[in-house]
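Okay, structure first, notes after.
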2 protein chains.
Amino acid sequence: MAVNVSDSVTEETMALRVVGALRDDIVTMTLKPGDVISESDIAGRYGVSRQPVREAFIRLAQQGLLLIRPKRATVVKKISPEGVRQSRFIRESIEVEIIRRVASHPGEAKAVLGELIAEQEAASSADDSRRFHTLDELFHRTLARLAGVEYAWQLIDDHKMQLDRVRYLTLGVSSSQVAIGEHKAIAAAVGAGDVAGAEAAMRAHLARAEVLLNQTISDHPDYFE
Amino acid sequence: MAVNVSDSVTEETMALRVVGALRDDIVTMTLKPGDVISESDIAGRYGVSRQPVREAFIRLAQQGLLLIRPKRATVVKKISPEGVRQSRFIRESIEVEIIRRVASHPGEAKAVLGELIAEQEAASSADDSRRFHTLDELFHRTLARLAGVEYAWQLIDDHKMQLDRVRYLTLGVSSSQVAIGEHKAIAAAVGAGDVAGAEAAMRAHLARAEVLLNQTISDHPDYFE
DNA sequence: TTTTCCAATCTTGTATGGTAGATGGGTTCT
DNA sequence: AGAACCCATCTACCATACAAGATTGGAAAA
């Protein structure tokens with residue numbers, strides 16, 4: 001998922017290269033909320049003209065990561081707690097609907113999810129939080145695929161980036177053991193075809209993020225509006 | 001909601017003016033799916049340089065209305081039936097969650113929704129389908145506001161545009177009387193605090209769009225992938 | 001006639017210069 | 001000293017020129 005800037009063949013156009021590099025810097029908090037950047041600044045940093053940088057700014061602004069203040073400056077958007085909550089409302093709405101569909105028609109779900117959970121336990125034992133993060137995301141994406149709405153999952157990727165920034169701040173904090181237990185509960189209910197139980201388990205799983213958000217706001221108040 | 005191109009004070013920058021004009025042309029099918037446009041073409045048409053037009057293209061491409069084929073051309077994206085179905089999956093997921101929240105805690109909901117329905121009946125009697133469309137959208141937006149997630153509603157506006165194109169094709173077709181009846185059922189269940197009933201009524205309301213979509217694909221096969 | 005190939009002419013991508021609005025700091029006036 | 005003001009300097013915005021890939025049509029060869 002990470003894009004290396006110096007990699008000169010992966011991306012087609014310079015503009016997309018800059019988009020990938022900046023997005024990575026923003027999500028990983030290398031560029032912190034509130035940081036001021038400018039077209040010429042970034043252009044010089046990556047050795048390109050202002051034009052592709054400008055287009056990158058436009059794309060990232062539309063994804064809610066940058067705020068372009070005309071004739072003034074462009075800043076890395078601070079995280080809006082309300083925006084995070086509503087992004088999570090969207091995510092919860094969709095994930096609940098997904099888990100219902102999957103639980104209604106299990107099928108290969110139980111086996112597939114079981115494998116993923118096993119990998120997660122391996123990553124957790126190895127204390128590889130980066131890999132666990134990837135596997136966690138894959139768990140939810142797999143549910144979407146099982147429900148036949150993987151494309152819909154891609155559609156909300158933009159909104160998910162807001163959540164990813166918060167998540168990055170809580171990388172070490174989030175106890176993966178707890179998450180794995182919740183994943184097991186979800187998989188078990190799905191395997192049993194227990195729709196209501198699966199929905200409840202999913203809601204409980206997502207609700208834990210609320211606590212993390214409030215804690216993160218306390219830890220990094222200057223990153224939020 | 002419509003933006004007049006010749007209006008020279010409403011929009012701030014030329015790029016945003018072009019965005020609004022093109023989006024309006026696309027949603028209203030003035031620019032049809034599959035139509036090929038070019039930066040210089042549009043630039044000449046609006047009397048600006050290629051630069052702001054190019055930026056407009058980028059924005060609209062990110063919203064899924066245009067498809068930029070590098071060094072080749074830019075075309076009005078054809079409507080993807082699968083994309084429409086998944087966009088509607090997203091919408092249904094969110095609207096169901098919204099209607100649950102509102103039905104759980106009615107309050108002023110019944111009165112507010114009642115007023116909107118009355119206006120819809122007036123528009124329907126006057127055969128003003130354009131106004132009915134606006135009121136219909138307002139009905140759903142109001143539900144989002146009542147649930148305290150109006151911002152979330154704005155977040156999915158981009159995806160809704162895909163649905164709006166289909167909807168425009170069925171403007172005269174969709175019998176507003178049926179829609180009003182469904183709105184009444186929703187409002188009644190909400191007013192009674194009947195969560196399950198409100199959810200069922202909302203699902204029934206949204207399900208009707210599936211029929212319209214299939215009919216529209218038959219009527220305009222060249223507009224779809 | 002059919003096929004191959006090349007060149008004119010499209011397209012979008014990139015670079016650069018100039019414009020107007022906004023900011024900040026120093027100067028001048030009161 | 002305090003406040004108003006002006007100007008150097010920043011910003012994003014727009015216009016223009018050039019570059020490079022893709023397409024198309026016709027000419028030339030088989």
Side-chain angles (χ1 to χ4, degrees), chain A residues 3 5-23 25-26 31-78, chain B residues 3 5-23 25-26 31-78:
Chain A
V3 175
V5 187
S6 56
D7 196 334
S8 50
V9 285
T10 43
E11 304 275 356
E12 335 246 3
T13 70
M14 298 304 299
L16 291 181
R17 291 258 302 280
V18 176
V19 167
L22 286 179
R23 183 180 46 203
D25 282 349
I26 293 174
L31 283 174
K32 305 183 192 313
D35 280 0
V36 176
I37 57 183
S38 80
E39 294 176 1
S40 4
D41 177 23
I42 303 296
R45 196 177 303 175
Y46 291 103
V48 297
S49 84
R50 301 188 335 256
Q51 184 61 27
V53 174
R54 173 174 175 75
E55 297 177 0
F57 279 16
I58 291 176
R59 287 182 162 93
L60 293 170
Q62 212 167 6
Q63 295 178 2
L65 292 182
L66 291 183
L67 174 63
I68 300 177
R69 302 197 306 178
K71 309 291 177 68
R72 272 179 283 275
T74 296
V75 302
V76 180
K77 208 170 179 180
K78 293 206 174 187
Chain B
V3 175
V5 187
S6 58
D7 196 335
S8 50
V9 285
T10 42
E11 304 276 356
E12 335 243 2
T13 71
M14 297 304 299
L16 291 181
R17 291 256 302 279
V18 177
V19 167
L22 285 179
R23 182 180 47 203
D25 282 348
I26 293 174
L31 284 174
K32 305 185 192 313
D35 280 1
V36 175
I37 57 182
S38 81
E39 294 175 359
S40 1
D41 177 23
I42 303 296
R45 196 177 303 175
Y46 291 104
V48 296
S49 86
R50 271 184 51 208
Q51 188 60 31
V53 174
R54 175 174 175 77
E55 298 175 1
F57 279 18
I58 291 175
R59 288 182 161 94
L60 293 170
Q62 220 168 9
Q63 296 178 1
L65 293 181
L66 292 182
L67 174 64
I68 300 177
R69 303 197 304 176
K71 308 289 179 72
R72 271 178 281 273
T74 297
V75 301
V76 179
K77 208 170 179 182
K78 292 205 175 188

- What integer distance in Å separates B:L67:CG from C:dT12:P? 11 Å
- Could you state the CG-P distance from B:D41 to C:dT12, rounded to the nearest angstrom? 9 Å
- Message: I need the NZ-P distance between A:K71 and C:dA22, as an integer number of Å.
- Response: 7 Å
- Note on the structure: The residue among A:V19, A:L65, A:L22, A:V18 that forms side chain to side chain contact (heavy atoms under 4.5 Å, CB included) with A:F57 is A:L22
- Query: Mapping A:P70 and B:R69 to their closest nucleotides on DNA chain C, which lands nearer the 5' end?
  - Reply: B:R69
- Take atom CD of A:E39 and atom C1' of C:dA15, then tell me their distance rounded to the nearest Å. 13 Å
- Message: Please report the distance, rounded to the nearest Å, between CG in B:D35 and C1' in C:dT11.
- Response: 17 Å
- Item | B:S49 versus B:A43, closest heavy-atom pair with distance | O-CB, 3.6 Å
- Report the distance from atom CZ of A:R72 to atom C1' of D:dT9, rounded to the nearest whole Å. 16 Å
- What closest approach, in Å, do A:P33 and A:K78 show between heavy atoms, and which atom pair accounts for it? CB-CA, 3.7 Å
- the helix from C:dT1-D:dA30 to C:dT30-D:dA1: angle between terminal helix axes, five bp per end, to the nearest 10 degrees, reads 20°
- Query: So, are B:R17 and B:E12 salt-bridged, with charged N and O less than 4.0 Å apart?
  - Reply: no
- Item | D:dC10 OP1/OP2 closer than 4.0 Å to side-chain N/O of A:S38 | no
- Let me know the distance between CZ of B:R50 and C1' of C:dT14, rounded to the nearest Å. 10 Å
- Message: Without decimals, in angstroms, what is the distance between B:R17 CZ and D:dC13 P?
- Response: 15 Å
- Given A:Y46 and A:V53, is the side-chain contact (heavy atoms from CB on, under 4.5 Å) satisfied, shown in steps? CA-CA 9 Å; A:Y46 291 103; A:V53 174; 5.8 Å; no
- The residue, A:Q51 or A:I68, whose nearest nucleotide of DNA chain D is more 5′ is A:I68
- Task: Verify the contact: side-chain N or O of B:R54 to OP1 or OP2 of C:dG13, cut-off strictly under 4.0 Å; return yes or no.
- Result: yes
- Base, sugar-phosphate alone, or nothing: which one does A:I37 contact when heavy atoms must sit under 4.0 Å apart? sugar-phosphate
- Think B:T74 has a side-chain N or O under 4.0 angstrom from the OP1 or OP2 of C:dT12? yes
- Query: Nearest heavy-atom pair of A:R59 and A:A15: which atoms, and what distance?
  - Reply: NH1-CB, 4.2 Å
- Task: Taking atom types as modelled, find out whether B:Q51 and B:E39 have a side-chain donor-acceptor pair closer than 3.5 angstrom.
- Result: no
